[in-house]
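A quick write-up on the structure given underneath.
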Amino acid sequence: MRYLLSIVIPTRNRQKYAVQSVKQIYNVTDDRVQVIVQDNSDDNSLEALLSKESFDDRVKYTYIAKRIPGVDNYAGGIAASEGEYVCCIGDDDGVLRQIVKVTEWAKAHNVPVIKPGVQASYIWPATSKEFPDGCLNLEYTDSSYFNVNPQEELIPFLRSGCTDLPNALLVKAYHGIVKRELFEKIKEKTGKYCGGLSPDIYLSVSLSLNCSSLLCLNMPLTIFGACRASTTGDSINRTNVSKLEDAPHFIGQPYTWSEKVPRFYCGLNIWADSAMHALDDMGAVEQKKLYSVEKLSAECLLNYRKYKKEIMENFYRNNCDKNELKRDILGYFPSHCKAKVKNFVKGIKPVASLYRSIRDKKQEKENAEVFVKQGVSNIIEAEDIISSTISHTIDTFLENAKVDMDGVIK
């Protein structure tokens, strides 16, 4: 391979953010790192912006004029990459400079996959009304690490109805570090690098089926960005739910929606649908039996009352147990609240409000931020602050971690 690490950035119509992300990565890495920019924008103006910078040939730009599905743009970036390891990020994201030496360490110790922590996030200016000038968040980090078998971890994820992605210990191409040979295994099996509607989820499931050792860190190596034109930005402003036919993912491709997922567009359903496609494409028949329509239905009922009809149609189409659905809904609440939710079908609206209140308080407590800085103008400035703050933590991890010849943490 020509490079140690390829950073893959699929992009569409977010030129001003993409050029900043490429610049940030280029400036903090060296000739061991390649940056792949896969551009499916309405025009190639990003190419002109990139050409104004002093980039050498390790920045590889490809423009596809014809509108293609997002998964194809993603797959094209992976196909174009020349690194022994691959990390996929969004066009408003960034990477920490320490990602290079951690990847070099992984190669030296035969570690196939690393799942960094997700503690670093950056809200670009003009994305959130709360933080109009941009905001950097860094949650608690330390030098701890542990190893899991992602094939085993796939089981609770499927049993959750594919709803528990944030806590799932699965292989992540998106903001993870993955040996390229694992992507090739997927292509050999399916004829493509990724499918479904969400390449992130499709690859998480597919890669996890092909890997038995995943190293998890409690420190970030990348930065999750959110800009006005991103799906993360939509989540912040609560605008990413719609009728299925209005979903942006379908543009440019014929697509068969999974019969095990309610027919409306939201993050939960995109996750579940893409996971089902990955299992089908990989021939994972036994794993698919573990998937819980009831769990997904309960989560959707609690969050998307407007689409109750679609949720229950899917529920009954899959011959699910209504008593199990009731148990799943009650399971989201502490015992002292359960009396309020017994009539869960008729009273779902107040139940949803109660659920969200409990969930948000729990999330607020669990994800207490230890560092918040407002007025951060771009991803370059955000990375500099984060890298300086946690450099000692990452160095401590590299000094202390010991790995055997099979890449399993001792």
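In this structure, Lys66 has no salt bridge (charged side-chain N to carboxylate O under 4.0 Å, His left out) partners at least two apart in sequence or on a different chain. For Lys107, the salt bridge (charged side-chain N to carboxylate O under 4.0 Å, His left out) partners two or more places apart in sequence, or in a different chain, are Glu84. Take Tyr3 and apply the ring-ring contact (aromatic ring centres under 6.0 Å, His included) test, not counting sequence neighbours, and it matches no residue. Under the salt bridge (charged side-chain N to carboxylate O under 4.0 Å, His left out) criterion, Glu313 pairs with Lys309, not counting sequence neighbours. Remark: Arg97 engages Val28, Glu383, Asp384, Ser387 in a side-chain contact (heavy atoms from CB on, under 4.5 Å) (not counting sequence neighbours). Under the rule for a side chain to side chain donor-acceptor pair (under 3.5 Å), the partners of Arg317 that lie at least two apart in sequence or sit in another chain are Glu259, Asn314. For Glu104, the salt bridge (charged side-chain N to carboxylate O under 4.0 Å, His left out) partners two or more places apart in sequence, or in a different chain, are Arg32. In this structure, the ring-ring contact (aromatic ring centres under 6.0 Å, His included) partners of Tyr122, at least two apart in sequence or on a different chain, are Trp124. Taking Glu184 as the reference, Arg180, Tyr193 meet the side chain to side chain donor-acceptor pair (under 3.5 Å) condition, with sequence neighbours excluded. Partners of Tyr255 by ring-ring contact (aromatic ring centres under 6.0 Å, His included), not counting sequence neighbours, listed by chain and number: Phe250, His277. For Tyr307, the ring-ring contact (aromatic ring centres under 6.0 Å, His included) partners two or more places apart in sequence, or in a different chain, are Phe264.
For residues 275-289, every residue pair satisfying the salt bridge (Lys or Arg N to Asp or Glu O under 4.0 Å) rule, not counting sequence neighbours, is listed here: Lys192-Asp281, Asp280-Lys288, Glu286-Lys289.
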